[in-house]
Colleague: 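Take a look at the following structure, please.
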Amino acid sequence: MSFSTLKNPHLSEMKTDYLYHLNIDVTDTQNTSDIQQRFGDIKVICAGGTAQRMRDLAIYLQPIFGITGKPVDLCESGHRYAVFKVGQVLCVSHGVGSSTFSVVLHELLKLVRYAKCKDPVFVRIGTCGGLGIEPGTVVVSKDAYNGYLENVHEIPILGKRVERPASFPQDIIDDILKFGAQSNDGFAIISANTMSTDCFYEGQGRTDGAVCEYTDEDKMNFLKKAYGKGIRNIEMEATMFSSLTQLAGVKAASICVALINRLNGDQVSITMEQKKEFEQRPFVVVERYIKHLLNK
Ligand code: R2B
Ligand code: URA
């Protein structure tokens, strides 16, 4: 893996690079031995919304590497994202939505290149709304659809609408289902299409936001149309995440647990205890998948 696989010819002309939001200084892009020493062994980058959940994940993964103790946030000084390294895994918080996630994703993609990591896999561990599925179901994303119900990531670049493919690699999905799930887990895990929106409320067809200019019937028609496209979960990052990782030439997957069935309502009203139990489910799946990757 080298910078030639990153689709940015400018990078090879930069002598230094400051990963601003991580507060990591690459002082000499031609000699990154310090970065390689710190991060070169990384095989998996797990990203999820909150710092607390990523800290919990780091603790959950510690036994794989025989590590104990309190995980240290390596990027606390950046005051933006939390980054915990546990053995060959990085657990990173990404905030809510594609805009916050894309900032740290660009920097992480460069970091794994500077560190010369070998075939790193990026996995988003998250929550989502379900579409016609039981709350608690774990969804591994296939094709990612935007809020127009198009299977692309649309982004304005230099004043133009740019559309990029937004799908996750099938071989990783197959491996996650094969090695991450067990029939006695007590929850369902499926692979399906995902809708990603920039807005939790109107963008996802909710009628409980501060503003709403459509009827219940409009909303249900939209959700049913999404269902017809094979979409079984709704969240806020998959289109950007799948397209950017694909363009950068790294493998990626999204494993999310549904907190609600949107065909039955809008409010996420499960108890905090139940939410915590649901959030554990992607941990269980990704831990087994990571073990499989490390044994390959
Ligand atoms: C799922 O949950 C968050 C919104 O509550 C968002 O990050 C997402 O994709
Ligand atoms: N996250 C979302 O983006 N939507 C939901 O409905 C629940 C979690």
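Each ligand, and each atom within it, is numbered from 1 in the order the structure gives. Bear in mind the structure is a predicted one, so any value in this text is a computation, not a measurement.
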Colleague: Of all the atoms in ligand 1, which lie at a distance below 4.0 Å from a heavy atom belonging to M236?
Modeller: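 Near M236, the atoms of ligand 1 are 4 (C), 6 (C), 8 (C), 9 (O).
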Colleague: Can you name the atoms of ligand 1, numbered from 1 with element, that are less than 4.0 Å from a heavy atom of E237?
Modeller: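 Reading through ligand 1 atom by atom, the close ones are 6 (C), 7 (O), 8 (C), 9 (O).
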Colleague: For a side-chain hydrogen bond (donor to acceptor under 3.5 Å, both in side chains) with D266, tell me which candidate from R206, K219, Q204 qualifies.
Modeller: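 Only match with D266 under side-chain hydrogen bond (donor to acceptor under 3.5 Å, both in side chains): K219.
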Colleague: For E237 and S98, does a side-chain donor sit closer than 3.5 Å to a side-chain acceptor?
Modeller: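 Not at all, the side chains of E237 and S98 share no donor-acceptor pair under 3.5 Å.
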Colleague: Under 4.0 Å from a heavy atom of E235: which atoms of ligand 2 are those, numbered in the order shown and with their elements?
Modeller: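 Reading through ligand 2 atom by atom, the close ones are 3 (O).
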Colleague: I'd like to know whether CD of E76 has more than 12 heavy-atom contacts from other residues, nucleotides or ligands below 6.0 angstrom.
Modeller: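 Count not over threshold, so no.
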Colleague: F200 to ligand 1: N or O pair under 3.5 Å?
Modeller: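 Checking ligand 1 against F200, no N or O pair falls under 3.5 Å apart.
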Colleague: Have a look at ligand 1 and work out which part of R124, if any, has a heavy atom under 4.0 Å from it: side chain, backbone, both or neither.
Modeller: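 Under 4.0 Å from ligand 1, R124 contributes side-chain atoms alone.
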Colleague: Give yes if a backbone or side-chain nitrogen or oxygen of T127 is under 3.5 Å from a nitrogen or oxygen of ligand 1, and no if not.
Modeller: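 There is such a contact, yes.
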Colleague: Do V139 and I189 belong together in a cluster built from hydrophobic side chains that touch within less than 4.5 Å?
Modeller: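 No, because V139 and I189 fall into different hydrophobic clusters, even though each may have its own neighbours under 4.5 Å.
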Colleague: Distance only, no hydrogens: is a donor on one side chain within 3.5 Å (strictly under) of an acceptor on the other, for D198 and S99?
Modeller: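 Judged by distance alone, the side chains do not pair up.
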Colleague: Under the criterion side chain to side chain contact (heavy atoms under 4.5 Å, CB included), which of H153, E150, K229 is the partner of Y145?
Modeller: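 Only one option passes, and that is K229.
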Colleague: Could you tell me the residue and atom name of the protein heavy atom closest to atom 2 (C) of ligand 2, and the distance to it rounded to 0.1 Å?
Modeller: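 Answer, as residue, atom name and distance: F200 CE1, 3.5 Å.
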Colleague: Would you check if F84 and D73 make a side-chain contact, meaning some heavy-atom pair closer than 4.5 Å?
Modeller: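 F84 reaches D73 side chain to side chain.
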Colleague: As an exercise, identify every atom of ligand 2 less than 4.0 angstrom from a heavy atom of Q204.
Modeller: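 So the answer, numbered in order with elements, is 2 (C), 3 (O), 4 (N), 5 (C), 6 (O).
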Colleague: Out of all atoms in ligand 2, which are within 4.0 Å of some heavy atom of I234? Include the element for each.
Modeller: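 Near I234, the atoms of ligand 2 are 2 (C), 3 (O), 4 (N).
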Colleague: Which residue and atom name correspond to the protein heavy atom nearest atom 5 (C) of ligand 2, and how close is it?
Modeller: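 Its nearest protein heavy-atom neighbour is G129 N, 3.2 Å.
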Colleague: Checking a contact table here: which protein heavy atom is nearest atom 6 (O) of ligand 2, and how many Å away?
Modeller: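 Heavy-atom neighbour on the protein nearest atom 6 (O) of ligand 2: R206 NH2, 2.6 Å.
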Colleague: Can you tell if the side chain of L263 reaches within under 4.5 Å of the side chain of M220, non-hydrogen atoms only?
Modeller: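 The answer is yes; the side chains approach within 4.5 Å.
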